[in-house]
Amino acid sequence: MTDGPWLVVGLGNPGPQYAGNRHNVGQMVLDELARRTGASFGGKGGGVLSRRPQAAVAEARLGTLPGGVPGPRVILAKPTTYMNVSGGPVAALAKYYDVPVERVVMVHDELDIPFADVRLKRGGGEGGHNGLRDTTKALGSKDYVRVRVGVGRPPGRMDPADFVLRDFAKPELKDLPWLVDAAADAVEAVVVEGLEKAQLRFHTKA
């Protein structure tokens, strides 16, 4: 699992007004990964990706290999575009860093998973998630890894679009740090151990 970098992308919307939204939990996970590795995000643009920065990017080594060797090289990225046009920055970063689609990891909110659960898969449908849909279109493939961070279903008849654009409820906030930490662990497991081993760990109830 050591040859070539990985691209790990946290989906969300830009701006402080969205920072605490359920839709931005992917970017919360990226902030935790940056904290763990001591990396800091900077703009990536100026002709590399476009005329204007399209993502905040940090480079790091994630996890530890046998013998204490630093883990694989990862490019941590938070698109600075809105969620429904995330694909352009993801595809541009993958091209610039020469990352094949199999090594692209998308971290995102998932309505179809209970709050505080984390699930992993490669490929499949986008489940109505606009950020994933645009990423699939831009990459020309669905065969990237998804770290699906459960935010649960909206109550009653609330529109799912409204639900994900709201902050986590007060009862959820006490468990949110645990959820973000678990999702960061899942990313690290995928990169260091591979998807199948990571799935065994995160899909098996203790």
Side-chain angles (χ1 to χ4, degrees), residues 6-34 41 43-45 49-50 52-58 74-97 99-113 115 117-154 158-168 176 179-180 183-184 186-187 190 195:
W6 290 75
L7 173 61
V8 180
V9 180
L11 290 180
N13 285 310
Q17 69 271 37
Y18 298 107
N21 289 180
R22 293 178 178 87
H23 226 13
N24 274 49
V25 72
Q27 297 203 348
M28 298 176 197
V29 175
L30 267 285
D31 287 337
E32 169 60 18
L33 289 169
F41 287 103
K44 203 59 163 166
L49 301 179
S50 69
R52 294 176 294 177
Q54 295 288 300
V57 177
V74 294
I75 313 302
L76 306 175
K78 299 189 296 182
T80 54
T81 58
Y82 284 97
M83 175 74 83
N84 62 349
V85 287
S86 301
V90 175
L93 284 164
K95 181 178 181 181
Y96 179 72
Y97 288 102
V99 179
V101 68
E102 295 81 9
R103 285 177 174 266
V104 175
V105 180
M106 305 297 293
V107 188
H108 64 91
D109 59 303
E110 179 61 69
L111 286 167
D112 292 329
I113 295 175
F115 173 74
D117 280 0
V118 177
R119 293 289 181 268
L120 311 169
K121 72 174 185 177
R122 182 188 300 281
E126 291 86 16
H129 196 293
N130 290 331
L132 295 181
R133 183 182 293 116
D134 198 61
T135 296
T136 295
K137 180 180 178 182
L139 291 175
S141 173
K142 296 184 176 185
D143 291 334
Y144 48 88
V145 175
R146 298 102 184 272
V147 174
R148 307 160 72 202
V149 186
V151 297
R153 299 294 304 177
M158 182 185 292
D159 187 332
D162 292 335
F163 180 68
V164 296
L165 291 176
R166 293 190 179 188
D167 288 359
F168 287 95
L176 182 58
L179 174 60
V180 168
V187 172
V190 168
L195 178 60

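The ring pair (Phe, Tyr, Trp, His ring centres under 6.0 Å) test applied to F163 returns no partner, not counting sequence neighbours. Take D167 and apply the side-chain hydrogen bond (donor to acceptor under 3.5 Å, both in side chains) test, not counting sequence neighbours, and it matches N21. Partners of E102 under the side-chain hydrogen bond (donor to acceptor under 3.5 Å, both in side chains) rule, at least two apart in sequence or in another chain, do not exist in this structure. Contacts of R153 classified as salt bridge (charged side-chain N to carboxylate O under 4.0 Å, His left out), with partners at least two apart in sequence or in another chain: D112. Every residue two or more places apart in sequence or in another chain was checked for a salt bridge (charged side-chain N to carboxylate O under 4.0 Å, His left out) with R146, and none qualifies. In this structure E110 satisfies the side-chain hydrogen bond (donor to acceptor under 3.5 Å, both in side chains) test together with R148, sequence neighbours excluded. Under the rule for a side-chain hydrogen bond (donor to acceptor under 3.5 Å, both in side chains), the partners of D109 that lie at least two apart in sequence or sit in another chain are H23, H129. Considering only residues two or more places apart in sequence or on other chains, A58 meets the side-chain contact (heavy atoms from CB on, under 4.5 Å) condition with A39, F41, L76.
Pairs passing the salt bridge (Lys or Arg N to Asp or Glu O under 4.0 Å) check and including a residue from residues 77-94, sequence neighbours excluded, read D31-K78. Sorted by first and then second residue, the ring pair (Phe, Tyr, Trp, His ring centres under 6.0 Å) pairs with a member in residues 133-153 form an empty list; sequence neighbours excluded. Every pair tested for salt bridge (Lys or Arg N to Asp or Glu O under 4.0 Å) that includes a residue from residues 130-144 fails, sequence neighbours excluded, so the list is empty.
Distance CG/N84 to CG/L132: 12.5 Å, rounded to 0.5 Å. In this structure, CG in L11 is found 8.5 Å from OG1 in T81, a value given to the nearest 0.5 Å. In this structure, CG on L139 lies 12.5 Å from NZ on K95, to the nearest 0.5 angstrom. A distance of 12.5 Å separates CG of N130 from NE2 of H108, quoted to the nearest 0.5 Å.
When all heavy atoms are compared, the tightest approach of D117 to L179 is O-CD1, 4.0 Å. Minimum interatomic distance between L33 and V8 (heavy atoms only, all atoms of both residues): CD1-CG1, 4.2 Å. For the pair A183 and V147, the tightest heavy-atom approach, listed with the atom from each and the gap, is O-CG1, 4.1 Å. Closest approach of A138 to G87, counting heavy atoms only: CB-O, 3.2 Å. Contact detail for P160 and L111: the closest heavy-atom pair is CB-CD1, 3.7 Å. Shown here for L93 and A55, the closest heavy-atom pair between the two residues is CD1-CB, 4.0 Å.
A donor-acceptor pair under 3.5 Å links the side-chain atoms of N24 to the main chain of N13, judged by distance alone.
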Might you work through the side chain to side chain contact (heavy atoms under 4.5 Å, CB included) test for F168 and M28, ending with a clear yes or no? CA-CA 12 Å; F168 287 95; M28 298 176 197; 3.9 Å; yes
Worked verdict on V57 versus Y96 for side chain to side chain contact (heavy atoms under 4.5 Å, CB included): CA-CA 12 Å; V57 177; Y96 179 72; over 6 Å; no
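Taking the side chain as every heavy atom from C-beta outward, D162 and P154 never approach each other to under 4.5 Å.
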